[in-house]
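First the structure, in the form of structure tokens, and then the observations on it.
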Amino acid sequence: MNLKTLTYNQSEIRFGNLTENGFDALLSSPRYAQSKKIIITDENVYDLWMEDFISSFEALHEAEIIQLPPGEENKVLDICQHVWSALSEYEIGRNDLIINFGGGVITDLGGFIAATFKRGLSFINVPTTLLSQVDASVGGKTGIDLGPYKNQIGVFADADYVFIDARYLTTLPPIELESGYAEMLKHGLIADAKYWKELKSIDLSSNPETWLDSIYHSVAIKQKIVTEDHLEKSNRKNLNFGHTIGHAIEGYYLENDAVIPHGYAVAWGMLAESFISLKMELLNQNEFEEINDTIRNRYPKLEVETAAIAEIKPLLLNDKKNVNGEISFTLLNKIGSAIYNQKVNDALISEAFEFILNPEA
Ligand SMILES: NC(=O)c1ccc[n+]([C@@H]2O[C@H](COP(=O)([O-])OP(=O)(O)OC[C@H]3O[C@@H](n4cnc5c(N)ncnc54)[C@H](O)[C@@H]3O)[C@@H](O)[C@H]2O)c1
């Protein structure tokens, strides 16, 4: 794929090799030439890519690097305080620039830190996981978790630029590729049946650098939706398909000091919410079975005891889409089309959890 660009709100998204995409020239341009550069990253990305990153771009030679422990359990206020303090020590001001170099935890957290420090610094995202390239780094949602509740504290803030370079995916463990692939499947399910069919044939053991067209396609779906409804008053809620139940499962793991890949939780959430869509006669049986087979073939089974459902369900009550205390779902009415603000009765929610745990029951 040739170099491509998309824009939404204040952001420009560039796809392709970072060097060919003018990363260095941008950082040396009048807009950023005088800015101190601070790179926020995690330890894994630091070990794998930081030397290459810094040495490839002259404009980064003097950059300060803030290295954080990896993982969702670190997307929390304590870590923000640590980073805000470091920014103070470096005497970072309004004209300086944060570069978030990492997965979705880093782009969510780093974006939030940038947006809140001194009432807002500019930031650029260079996402390094499939999940952050197809989803988390784009769209302006930044934030952190609060105990078991995902993304409870945050602000909408747009990166000036997002640079999507699939080269970084070559070091991603298979489990993280599967995780990002779940968000791509979601994009197909909510908005593009043809893309969903194409995605089903992706071989996740092939070189991810060859997936840039699909990554672009996913981002284009998200970009169109967030451009129409940036603040999630209406159809942006469609992007939450799989996430109402997915976030509750992820929260349950966080509460029990265990972490699962975000995309696994989304995959299980999509199974449960497709089941609900079927039972509410929105989705037909054939399409439901197609989704069920695809997800079950690609993802491991959710391994929690049936008794855990009673602990997971209350976590739904803090979902950000809820209105007047009522849980609000995004469901599918067919493959390629979603419908938001759907109320679902409590018994059906329990049935959906039982279905993902015991498909044969
Ligand atoms: N803001 C949004 O719109 C949005 C959308 C979807 C998901 N999210 C958030 O994104 C987060 C999940 O993102 P994620 O899956 O990228 O998690 P992550 O940032 O924790 O990355 C997953 C793992 O991959 C490692 N890693 C990162 N880049 C690597 C590379 N190139 N090679 C090898 N290892 C690498 C990380 O160190 C980490 O261990 C969740 O917190 C989720 O809530 C946000």
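The analysis underlying the following values was restricted to heavy atoms, covering all of them including side chains, and did not include hydrogens, waters or symmetry mates.
Atom CD1 of Ile190 is separated from atom NZ of Lys222 by 9.5 Å, given to the nearest 0.5 angstrom. We find the OG1-CH2 distance between Thr170 and Trp49 to be 4.0 Å, quoted to the nearest 0.5 Å. Taken from CZ in Arg236 to CG in Asp229, the straight-line distance is 7.5 Å, to the nearest 0.5 Å. Separating the CG atom in Leu185 from the OG1 atom in Thr294 is a distance of 7.5 Å, to the nearest 0.5 Å.
Using modelled atom types, one side-chain atom of Asp192 and one backbone atom of Lys194 make a donor-acceptor pair closer than 3.5 Å. In this structure, Thr330 contributes its side chain and Lys237 its backbone to a donor-acceptor pair below 3.5 Å. Between the side chain of Thr227 and the backbone N or O of Tyr8, no donor-acceptor pair lies under 3.5 Å. Between the side chain of Glu73 and the backbone N or O of Asp257 there is no donor-acceptor pair closer than 3.5 Å. In this structure, Tyr195 contributes its side chain and Ser214 its backbone to a donor-acceptor pair below 3.5 Å.
For His262 and Ser179, the side-chain atoms include no donor-acceptor pair closer than 3.5 Å. Under 3.5 Å, the side chains of Glu178 and Tyr264 contain a donor-acceptor pair of N or O atoms.
Screening Ile291, Leu189, Ile356, Ile245 against Met270 for a side-chain contact (heavy atoms from CB on, under 4.5 Å) leaves a single residue, Leu189.
For the pair Lys4 and Tyr216, the cation-pi criterion (under 6.0 Å, within 45° of the ring axis) is fulfilled.
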Before giving the answer on side chain to side chain donor-acceptor pair (under 3.5 Å), spell out for Thr129 and Ser132 the whole-Å C-alpha distance, their side-chain angles and the decisive distance to 0.1 Å.
CA-CA 5 Å; Thr129 61; Ser132 58; 2.7 Å; yes
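The pair Glu12-Arg14 meets the salt-bridge criterion, since a charged nitrogen lies less than 4.0 angstrom from a carboxylate oxygen. A salt bridge links Glu250 with Lys150: at least one charged nitrogen is closer than 4.0 Å to a carboxylate oxygen. Contact check on Asp108 versus Lys75 returns a salt bridge, with a Lys/Arg side-chain nitrogen under 4.0 Å from an Asp/Glu carboxylate oxygen.
Under the side-chain hydrogen bond (donor to acceptor under 3.5 Å, both in side chains) criterion, Tyr32 pairs with Asp160, sequence neighbours left out. Pro173 pairs by the side chain to side chain contact (heavy atoms under 4.5 Å, CB included) definition with Ile175, Glu176, not counting sequence neighbours. In this structure Asp203 satisfies the salt bridge (charged side-chain N to carboxylate O under 4.0 Å, His left out) test with no other residue, sequence neighbours excluded. Under the side chain to side chain contact (heavy atoms under 4.5 Å, CB included) criterion, Leu317 pairs with Ile327, sequence neighbours left out.
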Solution key, residues 95-106 side-chain donor-acceptor pairs under 3.5 Å, sequence neighbours excluded:
unit_1, atom_1, unit_2, atom_2, d
Asp96, OD1, Lys36, N, 2.8
Asp96, OD2, Gly93, N, 2.8
Asn100, ND2, Asn125, OD1, 3.0

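Applying the side-chain hydrogen bond (donor to acceptor under 3.5 Å, both in side chains) test to residues at least two apart or on different chains, the pairs with a partner in residues 275-292 are Trp196-Glu290, Lys197-Glu290, Lys200-Glu290, Gln285-Glu289, Asn292-Arg296.
With ring centers used as reference points, Trp268 lies 6.0 Å or more from Tyr299.
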